[in-house]
Number of protein chains: 2
Amino acid sequence: MSDSNPAREATRARILKAAKDLLGQEGFQGLGINAVARAAGCDKVLIYRYFGGLEGLAEAMGGQLDLWIGQGDPAPGDYVDTLAAMLRDYGRALRGNGLVRRILAWELLETSPLTRALGQAKSAAIRAWFQAVRARTGPAPEGIDAPAINAILIAATHHLALREDNDGTFAGLDLKQPETWARIDAAMSHLMTQAYGKAPL
Amino acid sequence: MSDSNPAREATRARILKAAKDLLGQEGFQGLGINAVARAAGCDKVLIYRYFGGLEGLAEAMGGQLDLWIGQGDPAPGDYVDTLAAMLRDYGRALRGNGLVRRILAWELLETSPLTRALGQAKSAAIRAWFQAVRARTGPAPEGIDAPAINAILIAATHHLALREDNDGTFAGLDLKQPETWARIDAAMSHLMTQAYGKAPL
DNA sequence: TACCTCTGTCACCAGTCAGTGACATAGGTA
DNA sequence: TACCTATGTCACTGACTGGTGACAGAGGTA
């Protein structure tokens, strides 16, 4: 098949790298056929040939999920501690990964074949992450709507990471300051321990 | 001045309305000079004359802040109850206002004169909202980093409202279902009451 | 040799974009 | 009357967009 052709593979890789770089730097607006071809230093017709257009290119990018979440292996512990640690690591990884932030923000604005292709790959990764947590810690405490609480905390993690990119402020907090993130980490831990009924007991 | 000319004012108002409608429906991508002029049924040169271009048009939109937050007056109560009620109302208003959601999402992606103009007006509105809460309830409980906790909960409210627009799922929750929002409301209240140390006492 | 497939390049298409200059017309003023 | 200002219309430019068809050359195969 075409996989055996080293020239084709090299060009494919160049296009993929250019697309990822472009998305991370310029954002979704810069991700057009012409711009990607220009950045990759090849003709745009090759993107149509090798990926079937932008949509196929996005699928290929989503398939390369070395990027989504780079969390390490947390030490096993009880549910709350483990979840808090993983969420904190996730937030840090997010703040260090402009490409993923762009994609997350992009998903909020546009529902296109591109976003769907990327989004499904990301959903699968997040599901796997949650299952890893459950496997490590056992089930969540009973009588508490853990999925809803966790969704709220993950949503906040996403949103605050995204807000740092632009004006850098949110609800009176200055997200450019490292101390602010320490406060947020502490507040997040506080919310989790209190919500799961740990400390008051 | 030009304010005395009714024809100019009528055209200005038509352009503003068209821009708001367009942004709410099509999103920020559709907000171009040509598209606004087309929707307003006038020539684009009038947008340049009356608003100085898209940037001035965005400033004018931000100035019309009848829209940002439409919350009513909550009954005075203790800090947590009042805050929880206002946050819940805010979330509902957000889910019912596509235009504001578009603008919030837009701010996450682009830092342009347009977003800055709109964003500053919104920040002022949110600050005023917080001050209204404090005025009604007195200071936050001591020993708790209320700004950080509240920022987290507001961030989550924003993010979940934004996620409903597109794929409608987040972290395993189906945001298209009304029951899901009831669960989120309950979880949000639970988080606040526990975090502020109310229930365990 | 002749043939064929694949890679890569180039030129072109129609459509849209932001922005500008020229013009017709209406309303008010001297 | 004549003049002037402001509203609104139209046509146009230059640059970019996504997308397609034609072509040149390389490499392998019969």
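The sequence lines fix the lettering, A, B, ..., with proteins before strands; numbering per chain opens at 1.
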_If we ignore hydrogens and angles and just use 3.5 Å, is the side chain of B:Asn150 paired with the main-chain N or O of B:Ala146 as donor and acceptor?_
yes
*asked:* Tell me the interatomic distance from B:Ile47, atom CD1, to C:dC17, atom P, rounded to whole angstroms.
replied: 12 Å
*Quickly work out the B:Arg14 CZ to D:dG8 C1' distance and round it to whole Å.*
10 Å
*Any residue meeting side chain to side chain donor-acceptor pair (under 3.5 Å) with A:Asp43, in chain and number order, not counting sequence neighbours*: none
*Given atom CD of B:Glu9 and atom P of D:dA6, what is their separation to the nearest angstrom?*
15 Å
*Short side-chain N/O contact to D:dG8 OP1/OP2 from B:Tyr50, under 4.0 Å*: yes
*asked:* List the residues meeting salt bridge (charged side-chain N to carboxylate O under 4.0 Å, His left out) with A:Arg101, not counting sequence neighbours, and say none if there are none.
replied: A:Asp165
*Do A:Lys20 side-chain atoms and A:Met61 backbone N/O form a donor-acceptor pair below 3.5 Å?*
no
*For the pair made of CD1 in A:Ile15 and P in C:dT9, what is the distance, rounded to whole Å?*
10 Å
*For A:Leu31 and D:dG18, give me the distance from atom CG to atom C1', rounded to whole Å.*
13 Å
*Listed by chain and number, what are the ring pair (Phe, Tyr, Trp, His ring centres under 6.0 Å) partners of B:Tyr48, not counting sequence neighbours?*
none
*Which letters describe nucleotides 20-28 of chain C, given B = protein heavy atom under 4.0 Å from base, S = only from sugar-phosphate, - = neither?*
B-B------
*asked:* With a 4.0 Å cut-off on N to O distance, would you call B:Asp185 and B:Arg88 a salt bridge?
replied: no
*Could you check whether the rings of A:His159 and B:His159 sit parallel, tilted or perpendicular, using 30° and 60° as the cut-offs?*
perpendicular
*Partners of A:Glu26 by side-chain contact (heavy atoms from CB on, under 4.5 Å), sequence neighbours excluded?*
A:Leu22
_Nearest-Å distance for atom pair CZ/C1', residues B:Phe28 and C:dC17_ = 15 Å
*State, with a plain yes or no, whether a side-chain heavy atom of A:Leu175 is found less than 4.5 Å away from one of A:Thr169.*
no
*Below 4.0 angstrom from OP1 or OP2 of D:dG8, is there any side-chain N or O of B:Thr11?*
yes
*Positions of residues 33-40 of chain A (non-hydrogen atom under 4.0 Å from DNA chain D), listed by number*: A:Ile33, A:Asn34, A:Arg38
_Integer-rounded Å distance: C:dG8 P and A:Phe51 CZ_ = 12 Å
*D:dT17 P sits how many Å from A:Glu26 CD, rounded?*
12 Å
